[in-house]
Number of protein chains: 2
Amino acid sequence: MTNIKKVSELAGVSTATVSRALKNPELVTEQTREKVMKAVQKAGYRPNWLATSVKTGKSNSIVVLVPNLVNPFFMRIIEGIEQAAQEKGYSVLLGDTQGKASRENEYASMVLTNRADGLIQLDHSFPFSQNDAELAETVPMVSVCERIEGEKRYPFIELDNYAAGRALTHHLISYGHRSFGIIAGQLTSQIHHDRLAGIQSVFKEEGIEFDQSMLVGGSYRIETGIEGVQELLRREQRPTAIFCFNDDIAIGALYELKRHGLRIPDDISVTGFDNVKVSAYMDPPLTTVDQPAYEMGRRAVEVLIQQINRQPLQRTREILPFQLLERGSTGPVKS
Amino acid sequence: MTNIKKVSELAGVSTATVSRALKNPELVTEQTREKVMKAVQKAGYRPNWLATSVKTGKSNSIVVLVPNLVNPFFMRIIEGIEQAAQEKGYSVLLGDTQGKASRENEYASMVLTNRADGLIQLDHSFPFSQNDAELAETVPMVSVCERIEGEKRYPFIELDNYAAGRALTHHLISYGHRSFGIIAGQLTSQIHHDRLAGIQSVFKEEGIEFDQSMLVGGSYRIETGIEGVQELLRREQRPTAIFCFNDDIAIGALYELKRHGLRIPDDISVTGFDNVKVSAYMDPPLTTVDQPAYEMGRRAVEVLIQQINRQPLQRTREILPFQLLERGSTGPVKS
DNA sequence: GCCACAAATGTAATCGATTACAGTTTTACG
DNA sequence: CGTAAAACTGTAATCGATTACATTTGTGGC
């Protein structure tokens, strides 16, 4: 390996000078800088990043914990994270947790071992084990999308899910719907509660009764949409509109509803959530809520880096705007 | 920070003993091991990974260069990579290149600076700049999916794209199709050539003439499918079947064909490639070629780690099996 | 109980950088 | 031209581990 020592010998200067010529060129003469550069070139020298990091105590890496890589919504967030991180000189370590606590913990502890400087959580649990709970107090961390229940120590980047739930409901009610189904994702998550609460609040205002049996589902997958529809269609009174808590669920729902010979939106309306790319190209195109995923990722990095640098945060919750996209999967109720 | 020194003082032993107790427990007495463990516990000590790495000269990380994070096909590969890497004690650095050479180069050079031990390339260019070309000779690298043109130094994990092209063509011909359109992705890539060559070889055998004007496209995106269809429909003789070189293109094609009032597969057949999750839930479900993406990712890591450990490779090309999935988007030609 | 050898532990060098401090050279100015 | 300050460079300590080598302790055989 070519190291700084070899370069220093080649250039006939000390290692300190080589280091300075590369990192703080203004500290050396033009002349020595050139000497050094020539030696660097000749030796094909690249500074050992590990050594630099161990000295400075900073790894310039961040870990991203994500429950599922194949979800394009998450990946859009990560795209934003990656982009922003790259711009700020950080690199991104991927932590595919598959929703398992043990894996979350494993990845999270990378921060405790100096393998990473901070952590972005796209899932919704506190990723440190009981063992590390105290250590974790000082770990720079940001939660995107999801809120970690009961956590007040870390900042959140989120959507106003409550308002989005209300907006979707208003939209459907404006089409005359009064009989609903809801196919939810993970039921224990905070965003689930927020969205549901939004929907319920409008129900109440409009005098629509909420009934636990209209709520089905349990994970953010296409299959959940399919099974959810099957369940909803078994009920005595078929809903005229179905809220799906993400686009994947909606895609499954669309598929299964059509398989049952139902026309969308004539027989039944369907809404999604997230606005993943394909949602606009479904048949019919999905009415959904656009989340600024890319921007959320970028913002998360900015906030995280502030934390890493121990700068005080202005606020601990950031709520980004959503947009209701009315497309073809919703329409007037058939009278 | 709690470091090994502090622990050694707490335990009343030398740092060497602490290190041994943690990494090679069989070298110390039961008694001292316990003493050390107690001290570790008490101090909340976690070994500094950077320091360990700088000493051993291994970062236990690999970089993955990927042109596009939102493509679920790539993400499935990366899922396999992530999983296998994790099992072998490696972590994965994400390199979203967006197809830009400068970014590829930036990420690739992480290996030259000891930030990573090896590199998996999902794009199809040689990611090192002219400057680093010689250095790169010794960089452990594997290419998945794509072949790097003219590269003989690195192993490839790929699909038999030629055979897959043939299989698709046979399938369509068996339905009586003789008039085709092709919407391709990146035209400069090797897989493009392979798939096209496969199609053409069957054309030749069947006496179907290949005409440059039946080939449109240029990138693996939904929009390409839409524009491709528009272009193909402008031709005097409308094709009865369209090959799309990935599922995203096919999704765009399906969308646009339906917008033109065409029924699939009655009026026109469409094939995809990759078998991304949603392809099975389109309307109609997409006939496509399944690639064992997850497995390819896993395999890439195994091969890469062999290279990192300087073990000789059995073979430099590995070709994984595909599977033709006949679904609803293809059917008999209307006579 | 003594000696040889094995096992356990400690000391200090090392990995490849950065940087405080010291020493040397250059510049500025009276 | 002399001197103080500034600019540059070198020496050596340092980051937090690991590990070769040295030293101490323990064990078994006679």
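Since the structure is predicted, the reported quantities are computational estimates derived from the model, not experimental observations. Reminder, nothing fancy here: chain letters follow the sequence lines and each chain counts from 1.
The separation between A:K5 atom NZ and D:dT11 atom P is 12 Å, rounded to whole Å. If you take CG of A:N48 and P of D:dG16, they are 17 Å apart, rounded to a whole angstrom. Between the CZ atom of B:R46 and the P atom of D:dA17 there is a distance of 12 Å, given to the nearest Å. Put simply, CG on A:L50 is 10 Å from C1' on C:dA17, counting in whole angstrom units. When the P atom of C:dA8 is taken as reference, atom NZ of B:K35 falls 13 Å away, rounded to whole Å. With rounding to whole Å, B:R20 atom CZ is found 11 Å from C:dA8 atom P. Computed from coordinates, the B:N24 CG to C:dT9 P distance equals 13 Å when rounded to whole Å. One can place NZ of A:K55 at 8 Å from C1' of D:dA13, the figure rounded to the nearest angstrom.
Considering only side-chain atoms of B:I4, the nucleotide from D:dT11, C:dT9, D:dA17 that sits closest is D:dA17. Checking C:dT9, D:dG10, C:dG16 against every side-chain atom of A:V54, the shortest atom distance belongs to C:dG16. The side chain of B:T52 lies closest to D:dT18 when the candidates are D:dA12, D:dT18, C:dG10. Of the candidate nucleotides D:dA17, D:dG10, C:dA17, D:dA17 has the atom lying nearest to any side-chain atom of B:Y45. Which of C:dA17, C:dT9, D:dT9 sits closest to the side chain of B:T29 comes down to C:dT9.
Partner of A:I77 under the side-chain contact (heavy atoms from CB on, under 4.5 Å) criterion, out of A:I157, A:V66, A:N71, A:V144: A:V144 alone.
Proximity of the aromatic rings of B:F126 and B:F128 is defined here by a centroid distance below 6.0 angstrom, and this criterion is met.
When the nearest nucleotides of DNA chain C are assigned to B:T56 and B:R33 by heavy-atom distance, the more 5′-ward of the two goes with B:R33.
Between the side chains of A:Q98 and B:E79, no donor-acceptor pair is found at a separation under 3.5 Å. The closest side-chain donor-acceptor pair between A:Q190 and A:E158, if any, does not fall under 3.5 angstrom.
Between A:N3 and C:dG16 there is a side-chain polar atom (N or O) within less than 4.0 angstrom of OP1 or OP2. Between A:T15 and D:dG10 there is no side-chain N or O to OP1 or OP2 distance below 4.0 Å. A close approach under 4.0 Å does not occur between any side-chain nitrogen or oxygen of B:S19 and OP1 or OP2 of D:dA17. Listed pair A:T17 / D:dT9 fails the phosphate criterion, with no side-chain N or O lying under 4.0 Å from OP1 or OP2. Between B:K23 and the phosphate of D:dT18, there is a side-chain N or O to OP1/OP2 separation shorter than 4.0 Å.
Within the nucleic acid shown, A:T32 comes within 4.0 Å of sugar-phosphate atoms alone, with no base atom in reach, counting heavy atoms only.
We find that A:R46 and B:D132 are joined by a salt bridge, their nearest charged nitrogen and carboxylate oxygen being less than 4.0 Å apart.
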